[in-house]
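Down below is the structure, laid out as structure tokens.
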Amino acid sequence: MANITSYKAPDLALHPSETGINAIEGAARRGGAFFNTIADDLSATGQRIGSTIRDAGDVALQSITHQQISKGAATGTEMAADIDSEWNEVAKNADPNDPTVRQKFLEQKVEPRLQEFLDGFSTEDSQKFAEQFVDRLRNHLSTKTAADMSTLAGEAIKVNVAKTVNSLGSMVANDPSSLSFALDSVDHTITAKIGSSPTLDAETAARVHGSVLQEAKQNIVKAAVVGMITKNPNVDLDAIQQKYGEYINGTEMRMFQKAAQTQAKANALVEKQAAIAQRQIDDQNVHAAATKTMTDNVTFDQNGQPIVDKKFFEQALDIAKKYPNAPAAAETVRTMFNWGEAQQNKEAKVVDDPTVKSDLMTRMFSPDKATTTLDLMKARAEGKISDHTFQSLHGLVTELEQSPIKGPVWQDTISAVKGELVLSNVGLPGKDIAGEVNYANWAQTFIPKYLAMSRAGTLPPNALDVKDPNSMISQSMAPYKRTVAQRAQDYMSSLGGMGGSPAAAPPTVTTKAQFDALASGTTYIGADGKTYRKP
Amino acid sequence: MAFGANTLTDFAGAASDIFAGFGDDAKAQGAAYEAENYTEAAALAKQNAAFTVESTGIQEMQTQRQITAAMGTTRADVAGAGFANSGSSIDLLADAASQGRLTQQVLEKQGQITEAGYNEQAQADTNLAAAATAAENADKNAGIFSDITGALKFAAGLATL
């Protein structure tokens with residue numbers, strides 16, 4: 001009998017495995033965790049490195065900061081001193097009324113140095129130190145430069161005002177009636193100057209205004225009072241004090257008055273001395289003009305005879321016209337005329353008077369009364385020296401005027417030479433005529449040579465040593481030295497012979513034949529009645 | 001600016017961020033690794049789902065053979081007993097057929113359930129892979145930004161010198 005069939009699920013089937021899935025999912029979960037661990041390790045490493053950087057950096061930072069602050073403190077003070085000094089130099093030469101001087105200095109000189117200073121600091125704390133230092137220095141310089149410029153402006157105003165006061169003072173001194181105008185002007189001027197100054201601060205302006213104005217008014221009033229007293233040393237001062245007592249007191253005015261009275265006396269004395277000095281100057285000018293006239297208009301021929309140009313007399317007269325107040329003018333011109341006329345009216349040959357010639361020669365080196373061309377002209381006009389001697393001595397005078405040798409050493413030397421060549425103090429009357437002649441001849445020979453070598457700078461050190469037989473002066477004296485016997489004979493000859501009898505009267509010479517017959521050195525009387533000596 | 005506490009903080013922060021960036025890169029690699037594995041697990045789950053379909057088909061075919069065999073046996077038994085294919089015989093055959101269809105339906109449903117389970121697992125792994133990929137991208141971005149912030153802090157530190 002058939003039954004109802006039952007069925008079972010077949011055994012043959014595919015059975016998928018989840019092993020791989022589970023393994024891979026596990027790998028995913030574990031693998032992710034490993035990477036997270038790596039990530040955590042890396043982060044932790046980063047944290048540790050950062051912490052190390054911070055710790056080590058802190059130490060380095062503090063060290064660098066300390067080093068920079070230590071160095072910067074010294075550098076900063078040195079820089080501040082330098083800038084101060086530099087500003088002082090700038091301010092010294094600056095225009096105190098130029099407001100850009102200070103600004104330019106701060107911008108162009110100070111700021112670059114401050115920036116350079118700041119650049120030397122690299123840490124925050126050291127830079128903070130530097131910035132604070134620079135801020136303080138900047139404030140100091142700003143204040144100092146402004147104050148200095150203001151002070152300089154104030155000083156400049158004082159100087160400027162001083163000029164104004166001087167001008168006004170001069171004005172009121174000359175014209176005391178302008179005193180009120182001067183006081184108003186100085187008030188207006190000073191106030192305007194102070195008000196218009198671009199660099200003057202209020203404090204300085206007030207100080208300058210107060211002190212300068214009062215002082216200026218005092219000076220102007222004093223100048224006016226001095227002017228009044230100068231015009232009238234005995235002026236009544238009471239009225240002045242009543243009006244200007246604010247600026248000047250009675251003691252000062254009386255002091256001014258006394259000074260003015262003293263000054264008036266002094267002025268009179270000075271004027272007198274000035275007149276004397278002017279007369280002395282005029283005399284010197286007369287002398288110079290006479291020498292020039294002589295040099296320009298007188299020449300000498302081959303025989304030593306002077307040739308006088310006609311302008312000589314005109315120019316001599318001009319000297320008197322030009323210097324009418326010179327005390328020596330009249331005598332000088334008269335002497336020049338006499339000499340000129342003597343040259344034009346020669347009737348006999350003049351023989352030198354040894355005494356006069358010696359005196360002229362000796363005085364050439366005198367510091368007080370030196371021989372002048374005028375002296376020579378006078379001697380020549382009086383027939384005391386010949387034309388030849390005049391020419392020689394005139395040449396010497398001219399040379400000595402160009403190169404004076406009138407010192408004490410030279411005086412002593414000349415005295416020594418004269419003592420060697422001229423016999424004197426022998427207890428006998430008369431003079432050593434031959435000695436005087438020798439002395440004069442020596443001088444005419446030696447002095448030009450000495451002056452020429454002196455100008456050329458070739459003088460030997462012992463040139464004037466009379467005790468050195470090899471010296472220049474001793475060598476030059478040698479031809480003129482005489483033995484004792486010669487001296488005695490010459491001396492006796494001048495007295496008229498060994499017997500000491502009076503000398504015969506000199507012969508009168510009126511013709512050339514008579515003159516030629518005379519021996520050299522013979523004394524004779526010329527046609528004009530004057531005594532001459534034949535050379 | 002100057003060398004100071006800020007400089008040190010900047011350099012320290014730079015080092016920390018740079019290494020944090022390395023960590024983020026490692027996390028990104030881990031996430032990528034997870035995504036790769038979850039993707040592979042999802043593929044395997046899908047493969048199992050396919051296996052389940054195939055296995056259900058086999059079992060249904062086997063059940064169909066059992067039904068065919070059972071129906072044939074029943075007809076033979078009825079014929080052998082001298083019954084015509086009618087009346088109770090018909091009821092028996094119908095009942096056997098009905099029993100076979102039920103078995104087949106159960107097999108089919110079970111296969112669908114198993115397949116659905118594998119598919120859901122595959123979907124879950126796919127989702128995990130996507131999440132890991134998203135995490136990878138986020139870690140990569142975090143690494144990039146850590147490198148950037150590290151570089152910026154380093155630059156800031158340099159700038160103070």
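Per chain, numbering begins at 1; letters A, B, ... match sequence-line order.
- Neither the backbone nor the side chain of A:Gln62 comes within contact range of chain B; no heavy atom of the residue lies under 4.5 Å from a heavy atom of that chain.
- Ranked by heavy-atom pairs under 4.5 Å with chain A, the list B:Ser98, B:Ser16, B:Ala14 is led by B:Ser16.
- For A:Glu131, the CD atom sits in a packed shell: over 12 heavy atoms of surrounding residues, nucleotides or ligands are nearer than 6.0 Å.
- The local environment of CD in A:Glu86 is crowded, with over 12 non-hydrogen atoms from other residues, nucleotides or ligands closer than 6.0 Å.
- Summarising the local packing, NE2 of A:His140 is surrounded by more than 12 heavy atoms from other residues, nucleotides or ligands at distances under 6.0 Å.
- A:Gly50 and B:Ala15 get closest at one heavy-atom pair: N-CB, 4.1 Å.
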Which side-chain N or O atoms in residues 24-42 of chain A pair as donor and acceptor under 3.5 Å with protein atoms at least two apart or in another chain?
unit_1  : atom_1 : unit_2  : atom_2 : d
A:Asn36 : ND2    : A:Gly32 : O      : 3.4
A:Thr37 : OG1    : A:Ala33 : O      : 3.0

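- Counting heavy-atom pairs closer than 4.5 Å to chain B, the top-ranked of the candidates A:Gly20, A:Ser43, A:Gly57 is A:Gly57.
- The heavy-atom pair separating A:Ile21 from B:Gln121 by the smallest distance is CG2-NE2, 3.0 Å.
- The contact between B:Leu107 and chain A is made entirely by side chain atoms (from C-beta outward), counting heavy-atom distances below 4.5 Å.
- Enclosure of atom NZ in A:Lys144 by more than 12 non-hydrogen atoms of other residues, nucleotides or ligands within 6.0 angstrom is indicated.
- Chain B forms more heavy-atom pairs under 4.5 Å with one residue of A:Thr45, A:Ile49, A:Ile53 than with any other, namely A:Ile53.
- One finds the CZ atom of A:Arg54 at 12.0 Å from the OG1 atom of B:Thr7 (value rounded to the nearest 0.5 Å).
- Contact annotation: the side chain of A:Gln47 never approaches that of B:Phe19 to less than 4.5 Å [non-hydrogen atoms, C-beta and beyond].
- Applying the salt bridge (charged side-chain N to carboxylate O under 4.0 Å, His left out) test to pairs two or more places apart or on separate chains, those with a residue in residues 124-144 of chain B are B:Glu136-B:Lys140.
- Contact of B:Ile67 with chain A is made through backbone and side chain together, with heavy-atom distances under 4.5 Å.
- The interface of residues 48-62 of chain B with chain A, defined by heavy-atom distances below 4.5 Å, comprises B:Asn48, B:Phe51, B:Thr52, B:Glu54, B:Ser55, B:Ile58, B:Gln59, B:Gln62.
- Only the side chain of B:Thr103 has a heavy atom closer than 4.5 Å to any heavy atom of chain A.
- Contacts of B:Ala20 with chain A are made by both backbone and side-chain atoms, with heavy-atom separations under 4.5 Å.
- With a 6.0 Å radius and a threshold of 12 heavy atoms from other residues, nucleotides or ligands, A:Gln214 has its CD atom above the threshold.
- Residue A:Glu116 qualifies as open at atom CD: its count of foreign heavy atoms under 6.0 Å is 12 or below.
- Within 6.0 Å of CZ in A:Phe117 there are more than 12 heavy atoms belonging to other residues, nucleotides or ligands.
- Nearest heavy atom pair, residue B:Ala5 against residue A:Glu124, reads N-OE1, 3.7 Å.
- Partners of A:Ser150 under the side-chain hydrogen bond (donor to acceptor under 3.5 Å, both in side chains) rule, at least two apart in sequence or in another chain, are A:Asp201, A:Thr204.
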